[in-house]
Amino acid sequence: MTVDDNLIAKLAKLSSLEIDDSRKETLKTELADIINFVENLNEIDVSGIEATFSTIEGGTPLREDVSEQNLELSNHILKHAPKSEDGYFIVPKIIE
C-alpha cells in the first residue's frame with residue numbers, strides 16, 4: 001500500500017481533521033513506516049502456535065448480563081452531557 005496525497009486527503013476527511021501542508025510529508029513517512037511494520041507481521045510463521053483468545057490464564061471471568069434501569073444514574077449522566085433532549089444524547093451530524 002502506498003501512502004500518497006490522495007490517501008492523506010481521504011484519511012483527513014474520514015477523521016474530520018485538518019492536516020497542514022507542512023505536516024503532510026512527515027505524516028506520509030510515518031504512516032508508510034507503520035504499514036511496513038504491520039506487513040512484516042504477515043511474514044511471521046505462527047503455524048506451530050496455538051491460537052489464544054485471552055491473555056488471562058483461565059479465561060475471562062464471566063458475569064450475568066442483567067439489564068437494570070437506574071433512572072438516577074441515567075439522569076446524572078444526561079445532566080453532564082453537552083446536549084440532551086427527552087432522555088437522549090444529542091450529537092452532531094457526521095454523515096453527509
Note to self: Using the rule given for side-chain contact (heavy atoms from CB on, under 4.5 Å), can you reason through Ile95 versus Lys93, listing the C-alpha separation, both sets of side-chain angles and the distance that settles it, and then say yes or no?
What the structure shows: CA-CA 6 Å; Ile95 299 175; Lys93 182 178 177 181; 5.5 Å; no

Note to self: Exactly one of Asn40, Asn42, Val46 should register a side chain to side chain contact (heavy atoms under 4.5 Å, CB included) with Ile44. Which one does?
What the structure shows: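 Passing option: Val46.
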
Notebook entry, point to check: Is it true that a side-chain atom of Thr29 and a backbone atom of Glu25 form a donor plus acceptor pair closer than 3.5 Å?
Noted result: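 It does hold such a pair.
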
Check: Short question: side chain of Asp20, backbone of Ser22 - any donor-acceptor pair under 3.5 Å?
Finding: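 No; zero donor-acceptor contacts below 3.5 Å.
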
Next item on the list: Return yes when atom CD of Glu39 has more than 12 non-hydrogen atoms of other residues, nucleotides or ligands closer than 6.0 Å, and no otherwise.
Entry: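 Count over threshold, so yes.
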
Give a yes or no on whether [X] and [Y] share a hydrophobic cluster (residues Ile, Leu, Val, Met, Phe, Trp, Tyr; joining criterion: side-chain heavy atoms under 4.5 Å apart).
X: Ile35; Y: Ile19; result: yes
X: Phe89; Y: Leu73; result: yes
X: Leu41; Y: Ile49; result: yes

Item checked: Lys24, Lys10, Lys28 screened by salt bridge (Lys or Arg N to Asp or Glu O under 4.0 Å) with Asp5, the one that passes ->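 That would be Lys28.
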
Check: Mind checking what makes side-chain contact (heavy atoms from CB on, under 4.5 Å) contact with Asp4, not counting sequence neighbours?
Finding: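 Here the qualifying residues are Asn6, Leu7.
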
Next item on the list: Consider only side-chain N and O atoms of Ser47 and Asp45, and report whether a donor and an acceptor are under 3.5 Å apart.
Entry: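 Yes.
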
Check: If you look at every heavy atom in Leu78 and Ser84, which pair is closest and at what distance?
Finding: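 Answer, listing the atom of Leu78 first, then Ser84: O-OG, 3.6 Å.
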
Note to self: Distance check, rounded to the nearest 0.5 Å: Leu27 atom CG versus Ile8 atom CD1?
What the structure shows: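 One gets 4.0 Å once the value is rounded to the nearest 0.5 Å.
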
Notebook entry, point to check: Tell me, which pairs form a ring pair (Phe, Tyr, Trp, His ring centres under 6.0 Å) where one or both residues lie in residues 63-83, sequence neighbours left out?
Noted result: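 Listed once each, the pairs are His76-His80.
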
Note to self: Strictly below 4.0 Å, N to O, side chains only: are Arg23 and Glu30 in salt-bridge contact?
What the structure shows: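 Looking at Arg23 and Glu30, the cut-off is met.
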
